[in-house]
Amino acid sequence: VQLQASGGGLVQPGSSLTLSCEASGLLFSKHVMAWFRQAPGKEREWVAGINWDGDNGYYPYSLKGRVTISRDNAKNTVILQMNNLKAEDTAVYYCAARSGGISSHDDFYNYWGQGTEVTVSS
């Protein structure tokens with residue numbers, strides 16, 4: 001199984017960024033997908049999750065309204081759209097997959113991508 005995350009980079013505060021994660025080696029349409037992030041010196045944090053068919057996105061209260069998760073099962077891809085980026089959004093962003101239901105706990109995810117780094121700075 002491979003999860004290849006991309007789209008990170010250096011952006012200015014207030015800007016938007018789209019991250020992408022392409023999956024291979026798994027039955028993508030039967031896996032819940034999620035994004036997590038880990039800032040330097042901090043624990044990994046759940047950013048968003050999406051169910052199998054993409055009908056529902058789930059977000060922590062702290063990020064709701066600024067991030068949107070979506071998926072394209074035909075392309076085995078999950079997308080994270082982030083708006084109004086802030087310095088505190090600086091982190092390495094990881095996509096993850098699990099065969100069970102939606103969860104915000106990283107321990108429950110079976111597969112992880114390598115991460116893509118996002119730096120928000122002026």
Side-chain angles (χ1 to χ4, degrees):
V1 175
Q2 279 196 320
L3 302 178
Q4 185 69 40
S6 61
L10 173 63
V11 296
Q12 292 192 338
S15 61
S16 299
L17 192 67
T18 301
L19 304 182
S20 180
C21 175
E22 184 173 358
S24 60
L26 78 170
L27 187 53
F28 184 76
S29 61
K30 295 301 183 185
H31 282 75
V32 160
M33 299 299 296
W35 287 93
F36 290 80
R37 68 185 182 185
Q38 188 165 21
K42 295 188 176 181
E43 292 188 353
R44 193 154 50 189
E45 175 189 21
W46 177 61
V47 174
I50 190 165
N51 60 352
W52 295 357
D53 57 12
D55 280 355
N56 292 293
Y58 300 85
Y59 312 94
Y61 181 80
S62 60
L63 293 174
K64 201 167 186 178
R66 287 204 302 123
V67 300
T68 303
I69 189 170
S70 61
R71 66 189 294 162
D72 185 340
N73 285 347
K75 296 181 180 179
N76 285 8
T77 299
V78 60
I79 301 291
L80 183 71
Q81 173 71 39
M82 301 187 291
N83 300 316
N84 190 23
L85 284 162
K86 306 174 181 180
E88 52 263 41
D89 295 318
T90 295
V92 177
Y93 284 71
Y94 299 91
C95 59
R98 71 182 301 254
S99 54
I102 288 283
S103 175
S104 61
H105 297 285
D106 55 1
D107 286 350
F108 291 167
Y109 284 79
N110 309 104
Y111 307 110
W112 290 85
Q114 86 288 0
T116 185
E117 189 167 3
V118 174
T119 302
V120 184
S121 175
S122 55

**Prompt:** Do Arg98 and Tyr109 have side-chain atoms, one donor and one acceptor, less than 3.5 Å apart?
**Reply:**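 Judged by distance alone, the side chains do not pair up.
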**Message:** Please tell me whether Thr77 and Glu22 have a donor and an acceptor in their side chains that are separated by less than 3.5 angstrom.
**Reply:**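 No pair is found: no donor N or O on one side chain lies under 3.5 Å from an acceptor on the other.
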Mind checking whether [X] and [Y] sit in one hydrophobic cluster, side chains of I, L, V, M, F, W, Y counted as touching below 4.5 Å?
X     : Y      : value
Leu3  : Leu19  : yes
Tyr94 : Ile102 : yes
Ile79 : Leu63  : no
Val78 : Leu17  : yes
Val92 : Val120 : no

**Message:** Could you walk me through whether Val118 and Asp89 satisfy the side chain to side chain contact (heavy atoms under 4.5 Å, CB included) test, starting with their C-alpha distance in whole Å, then the side-chain angles of each, then the deciding distance to 0.1 Å, before giving a yes or no?
**Reply:** CA-CA 8 Å; Val118 174; Asp89 295 318; 5.6 Å; no
**Message:** Is the distance between the ring centroids of Trp46 and Tyr58 under 6.0 Å?
**Reply:**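 Ring centroids of Tyr58 and Trp46 are no less than 6.0 Å from each other.
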If we only count heavy atoms from C-beta on, is the [X] to [Y] side-chain gap below 4.5 Å?
X      : Y      : answer
Met33  : Phe28  : yes
Gln114 : Gln4   : yes
Leu10  : Ser121 : yes

**Message:** Please give me the minimum heavy-atom distance between Val47 and Tyr93, naming the atom from each residue.
**Reply:**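 Result for this residue pair: CG2-CE2, 4.2 Å.
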**Item:** Closest approach of Trp52 to Gly100 (non-hydrogen atoms, all atoms of both residues)
**Value:**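 Answer, listing the atom of Trp52 first, then Gly100: NE1-O, 3.8 Å.
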**Request:** Quick one: do Trp35 and Met82 satisfy side chain to side chain contact (heavy atoms under 4.5 Å, CB included)? Show the steps, please.
**Result:** CA-CA 12 Å; Trp35 287 93; Met82 301 187 291; over 6 Å; no
**Message:** For Asn73 and Arg71: C-alpha separation, side-chain torsions, deciding distance, then whether side chain to side chain contact (heavy atoms under 4.5 Å, CB included) applies.
**Reply:** CA-CA 6 Å; Asn73 285 347; Arg71 66 189 294 162; 2.7 Å; yes
**Request:** Mind running side-chain hydrogen bond (donor to acceptor under 3.5 Å, both in side chains) on Ser122 and Gln12 for me, showing each step along the way?
**Result:** CA-CA 5 Å; Ser122 55; Gln12 292 192 338; over 6 Å; no
**Request:** Verify, without hydrogens or angle tests, whether Asn56 (side chain) and Asn51 (backbone) share a donor-acceptor contact under 3.5 angstrom.
**Result:**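 Checked: no pair found.
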**Asked** Parallel under 30°, tilted from 30 to 60°, perpendicular over 60°: which one fits the rings of Tyr111 and His31?
**Response**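 Answer is tilted, since the angle falls between 30° and 60°.
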